[in-house]
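Written out below as structure tokens is the structure these notes cover.
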Amino acid sequence: MQDVEEISRETDKRRLSGRIHILGLGNVGTFVAHSLAARKSPPPITLLLHNPGLYADWLARKRCLSINTNGLDDIKTGFDINVLNDRTWYSLPYWKPNGEAHDDVVDADGKLHIEDVHEDLRQSQEDDEKIECLIVAVKAQQTVTALKSVSHRLTPESTVLLLQNGMGTVEELNEKVFPDPHRRPHYMMGLISHGLARQEPFRVSHTGVGTTILSPLPAGGRLKAGEEKDEDWAPSTKYLLRTLTLTPPLVAVAETPTALLQYQLEKLAMNCVINPLTVLLDCENGELLYNYNITRVMRLLLIEISTVICALPELQGVPGINSRFSPERLRNMAVHLANKTAKNTSSMLQDVRRGQKTEIEYMNGYIVRRGEELGIRCALNYLIMQMVIGKSDILTQRNAGAIPLDLSHLEEED
Ligand SMILES: *[C@@H]1O[C@H](CO)[C@@H](O)[C@H](O)[C@H]1NC(C)=O
Ligand SMILES: *[C@@H]1O[C@H](CO)[C@@H](O)[C@H](O)[C@H]1NC(C)=O
Ligand SMILES: *[C@@H]1O[C@H](CO)[C@@H](O)[C@H](O)[C@H]1NC(C)=O
């Protein structure tokens with residue numbers, strides 16, 4: 001716990017417990033929690049499970065997270081758990097108060113006794129402990145709901161790290177969860193490029209080594225042009241940043257807010273063409289290539305995207321923006337990426353096939369919203385967004401075998 005002590009000394013403030021809470025245990029959340037647990041001196045970690053069903057899965061996996069690399073499972077244990085049941089978090093520590101580990105609730109045949117799960121929950125304590133550091137790895141569209149469930153445990157001293165695809169969640173959190181600027185936590189953003197694929201709950205395979213780019217956000221969440229002085233970040237922010245950058249499997253680096261923003265926007269531009277087009281054309285990434293007509297569509301979309309990005313007030317005065325975000329460069333990047341992931345199904349197409357809500361409103365929708373603020377009409381991105389939402393609704397209804405009797409939604413929007 002060297003990091004915690006160092007930082008406490010530095011700041012001379014209330015001592016940090018060093019505990020890190022993680023919300024969202026998909027590929028990214030599992031990978032980050034596992035990486036932290038793999039440190040020589042792991043910080044105390046609490047996994048936040050948002051329903052008792054997930055806790056049953058956790059018990060069935062014997063309270064372990066595993067990461068599979070080159071066919072080998074690396075298993076980590078020792079995680080404390082919080083389970084959300086009927087709007088209250090319950091605490092299920094890894095160690096019993098007497099220092100013993102809990103008995104396995106899985107019998108010799110690997111069967112889980114559901115009564116035991118409920119018994120566990122009945123005997124557990126409510127957990128109102130304040131959260132110092134929270135890593136959020138849920139999908140963009142679930143962020144507000146997820147943060148509402150823990151907002152009473154966050155303080156203006158807490159740091160919330162958002163590790164997700166898509167953009168615009170900080171603005172949405174400020175509006176819907178933390179409307180009072182004096183009660184907002186500190187924010188940090190991150191971008192992960194590791195290749196991760198889900199195998200089963202709490203078990204993920206690491207298919208390609210990438211990096212993790214991290215940066216704290218200035219108070220309020222949004223950058224202003226030319227603001228790049230070294231801010232004095234809050235103790236919980238410094239602690240989380242340092243802990244993550246010293247966690248080898250993450251390959252994490254700290255960047256300035258403006259540098260991170262540019263990486264995020266590059267990724268956003270890629271996501272804005274590859275994701276929706278693979279949904280609408282129902283194809284693999286590589287099938288977008290070598291097709292003159294689709295190439296035209298990509299170009300037109302990227303011209304709009306490039307216009308908005310180059311006009312963003314927070315990037316004014318940053319050298320090289322116009323060439324870094326030129327339509328030509330973005331198109332080359334998109335072609336290269338589609339080629340590199342030719343046989344892959346985009347995450348958005350996977351969501352649509354599973355009948356889940358997509359992240360489109362945090363991708364093309366973000367471009368449309370920022371364009372509106374700047375007086376730039378993004379008709380093509382707007383069209384693409386509505387078509388993806390429409391297609392996903394049609395598939396959902398078809399799968400449910402439902403006949404849509406309510407036609408009111410046909411009249412909305414002008
Ligand atoms: C579509 O692409 C083909 C070449 O693959 C081209 O001949 C044709 O003109 C294109 N159509 C339009 C309307 O641009
Ligand atoms: C895709 O990758 C292959 C092999 O790396 C390369 O030969 C080909 O030219 C690439 N195609 C495009 C459109 O970049
Ligand atoms: C693409 O799919 C392959 C095989 O399914 C997988 O190994 C690889 O990690 C995927 N790449 C990305 C970027 O998801």
Side-chain angles (χ1 to χ4, degrees), residues 1-11 13-48 58 61-82 91-97 99-102 129 131-137 158-161 163 188 190-196 202-216 233-255:
M1 298 311 311
Q2 197 179 5
D3 303 337
V4 187
E5 276 158 20
E6 251 171 66
I7 291 171
S8 311
R9 267 203 305 277
E10 258 172 38
T11 60
K13 276 206 183 161
R14 185 178 59 86
R15 207 187 135 84
L16 291 172
S17 75
R19 181 170 291 277
I20 296 178
H21 286 73
I22 301 181
L23 182 56
L25 287 147
N27 298 348
V28 169
T30 300
F31 176 61
V32 172
H34 184 280
S35 301
L36 283 169
R39 284 168 53 101
K40 269 206 202 98
S41 57
I45 304 170
T46 301
L47 309 179
L48 297 164
W58 175 248
R61 297 281 318 155
K62 305 195 169 175
R63 302 182 171 93
C64 293
L65 290 182
S66 56
I67 296 287
N68 184 286
T69 313
N70 301 325
L72 293 176
D73 265 338
D74 183 25
I75 295 173
K76 291 281 174 267
T77 61
F79 303 97
D80 297 318
I81 299 293
N82 279 184
S91 167
L92 296 139
Y94 185 76
W95 301 103
K96 287 185 188 172
E100 285 172 23
H102 289 265
E129 187 202 349
I131 295 177
E132 286 168 355
C133 295
L134 176 67
I135 299 178
V136 179
S158 312
T159 293
V160 174
L161 164 62
L163 280 180
M188 187 151 94
L191 197 61
I192 283 203
S193 63
H194 290 274
L196 300 168
F202 309 112
R203 182 156 178 262
V204 167
S205 65
H206 191 190
T207 57
V209 176
T211 58
T212 305
I213 304 174
L214 299 166
S215 174
W233 308 113
S236 61
T237 306
K238 284 189 205 165
Y239 166 71
L240 185 58
L241 193 58
R242 184 174 312 183
T243 305
L244 293 172
T245 50
L246 293 176
T247 297
L250 297 176
V251 195
V253 292
E255 272 288 4

Could you measure the distance from the [atom1] atom of [X] to the [atom2] atom of [Y]? Nearest 0.5 Å is fine.
{"X": "Leu72", "Y": "Ser66", "atom1": "CG", "atom2": "OG", "result": "11.5 Å"}
{"X": "Leu163", "Y": "Leu23", "atom1": "CG", "atom2": "CG", "result": "11.5 Å"}
{"X": "Thr30", "Y": "Leu196", "atom1": "OG1", "atom2": "CG", "result": "9.0 Å"}
{"X": "Thr237", "Y": "Leu214", "atom1": "OG1", "atom2": "CG", "result": "12.0 Å"}
{"X": "Ile81", "Y": "Arg63", "atom1": "CD1", "atom2": "CZ", "result": "8.5 Å"}
{"X": "Leu161", "Y": "Leu241", "atom1": "CG", "atom2": "CG", "result": "9.0 Å"}

For the pair [X] (side chain) and [Y] (backbone), establish whether a donor and an acceptor sit closer than 3.5 Å, ignoring hydrogens and angles.
{"X": "Arg203", "Y": "Asp73", "result": "no"}
{"X": "His194", "Y": "Gly210", "result": "yes"}
{"X": "His206", "Y": "Gly208", "result": "yes"}

query: What pairs with Phe202 under ring pair (Phe, Tyr, Trp, His ring centres under 6.0 Å), at least two apart in sequence or on another chain?
result: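 Listed in chain order: Trp58.
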field: salt bridge (Lys or Arg N to Asp or Glu O under 4.0 Å): pairs with one or both residues in residues 22-33, sequence neighbours excluded
entry: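 Counting only pairs at least two positions apart or across chains, no salt bridge (Lys or Arg N to Asp or Glu O under 4.0 Å) contact touches residues 22-33.
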Which atom of [X] lies closest to which atom of [Y], heavy atoms considered:
{"X": "Asp74", "Y": "His34", "answer": "O-NE2, 2.8 Å"}
{"X": "Pro249", "Y": "Ser35", "answer": "CB-OG, 3.6 Å"}
{"X": "Pro235", "Y": "Leu16", "answer": "O-CD1, 3.9 Å"}
{"X": "Ile131", "Y": "His21", "answer": "CG2-ND1, 3.7 Å"}
{"X": "Pro43", "Y": "Gly18", "answer": "CB-O, 3.7 Å"}

Could I get the full list of side chain to side chain contact (heavy atoms under 4.5 Å, CB included) partners for [X], not counting sequence neighbours?
{"X": "Thr211", "answer": "Ser193, Ile213, Val251"}
{"X": "Ser215", "answer": "Pro257, Leu260"}
{"X": "Asp80", "answer": "Arg19, Thr46, Pro93, Tyr94"}
{"X": "Ala37", "answer": "Ile45, Lys76, Phe79"}

field: Sole residue of Leu134, Ile22, Leu25 in side chain to side chain contact (heavy atoms under 4.5 Å, CB included) with Leu48
entry: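 With Leu48 as partner, side chain to side chain contact (heavy atoms under 4.5 Å, CB included) holds for just one option, Leu134.
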